[in-house]
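Written out below as structure tokens is the structure these notes cover.
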Amino acid sequence: MFSKSRINEPGPKAGAEAEKPKAPEAPVNKPTTDLKPSAPKAKPPASSLSADLTVVGNLKTSGDINIEGTVEGDIRAHLLTVGESATVKGEVMADDVVVHGRVVGRVRGLKVRLTSTARVEGDIIHKTIAIESGAHFEGSVQRQDDPLGGGAPKKPVAPNQKD
């Protein structure tokens, strides 16, 4: 019935032990599947300022803003849409800026789009820009790789300058 030689034989026992460490590897992989429920942060819903609303002050969000009214102040957002009936007096800065209405002030954006109904009076600093036929624009246009990163690039100063 029982064979002593099987129990004491190092060959099969070593082979069985070699397979055993492989089995615990499956539970090690399990925690990676447990990470699925932690989804990326939900994007906040877009904020909208209606046509009858006037805001005096600065606006800042990591989300999207749709302006239909009047804003007197600076605006910072991820996506900024200035509606046809909207007026913004101040600097606007966003990853994406779409202007259908009026902006009086500097516009900074990675992607800036002026539609045919846009009226912009001020400088535009952008990475990419699109200006549709019919848009009204008075100011200068400057391309920068990082238009959201602050002021104009500084010129290098020679170290051996004499006063």
Side-chain angles (χ1 to χ4, degrees), residues 24-163:
E25 288 180 16
V28 171
N29 291 339
K30 258 188 178 177
T32 57
T33 58
D34 294 340
L35 297 177
K36 283 185 181 178
S38 62
K41 292 181 181 178
K43 186 176 178 184
S47 300
S48 195
L49 301 178
S50 65
D52 63 339
L53 184 64
T54 299
V55 175
V56 178
N58 298 336
L59 303 175
K60 185 177 180 181
T61 181
S62 59
D64 303 345
I65 299 180
N66 184 16
I67 309 287
E68 293 297 334
T70 302
V71 176
E72 294 181 19
D74 298 341
I75 302 174
R76 308 278 186 270
H78 172 10
L79 167 64
L80 172 65
T81 305
V82 179
E84 279 192 52
S85 63
T87 299
V88 175
K89 294 181 181 180
E91 182 178 38
V92 298
M93 186 184 297
D95 292 339
D96 295 323
V97 180
V98 180
V99 181
H100 299 285
R102 184 171 183 225
V103 176
V104 179
R106 181 181 292 158
V107 176
R108 290 178 161 286
L110 295 174
K111 290 173 28 180
V112 177
R113 185 173 138 215
L114 307 184
T115 65
S116 60
T117 58
R119 304 289 177 256
V120 177
E121 300 171 32
D123 299 338
I124 297 176
I125 302 171
H126 64 90
K127 187 168 183 180
T128 61
I129 190 167
I131 302 176
E132 293 181 4
S133 178
H136 175 80
F137 169 62
E138 291 183 32
S140 67
V141 178
Q142 181 181 3
R143 187 198 176 283
Q144 288 184 4
D145 287 331
D146 185 18
L148 305 177
K154 295 181 180 178
K155 295 179 182 177
V157 178
N160 294 332
Q161 280 187 333
K162 294 181 180 179
D163 290 304

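Nothing here was measured: the structure is a model prediction, and the numbers come from that model.
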Can you find a heavy atom in the side chain of [X] that is under 4.5 Å from one in the side chain of [Y]?
X   : Y   : result
L49 : L59 : yes
L80 : I67 : yes
V92 : V71 : no

R76 bridged to E91 by N-O distance under 4.0 Å: yes

Counting N and O atoms only, with roles assigned by atom type, does the side chain of [X] sit under 3.5 Å from a partner on the main chain of [Y], one being a donor and the other an acceptor?
X    : Y    : answer
S85  : E68  : yes
T117 : H100 : yes
N58  : D74  : yes
R108 : P147 : yes
S116 : A135 : no

Say you draw a straight line from [atom1] of [X] to [atom2] of [Y]; how long is it, rounded to the nearest 0.5 Å?
X    : Y    : atom1 : atom2 : result
H136 : R102 : NE2   : CZ    : 8.5 Å
D145 : L110 : CG    : CG    : 10.0 Å
R143 : K127 : CZ    : NZ    : 6.5 Å
F137 : R119 : CZ    : CZ    : 13.0 Å
S62  : L79  : OG    : CG    : 12.5 Å
R113 : H126 : CZ    : NE2   : 15.5 Å

Determine whether I75 and V82 satisfy the following criterion, side-chain contact (heavy atoms from CB on, under 4.5 Å), listing intermediate values before the conclusion. CA-CA 11 Å; I75 302 174; V82 179; over 6 Å; no

Have S140 and D123 got a donor and an acceptor in their side chains that come within less than 3.5 Å? yes

Without hydrogens or angle criteria, can the side chains of D95 and H78 be said to hold a donor-acceptor pair below 3.5 Å?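 Note: D95 and H78 side chains meet the donor-acceptor criterion.
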
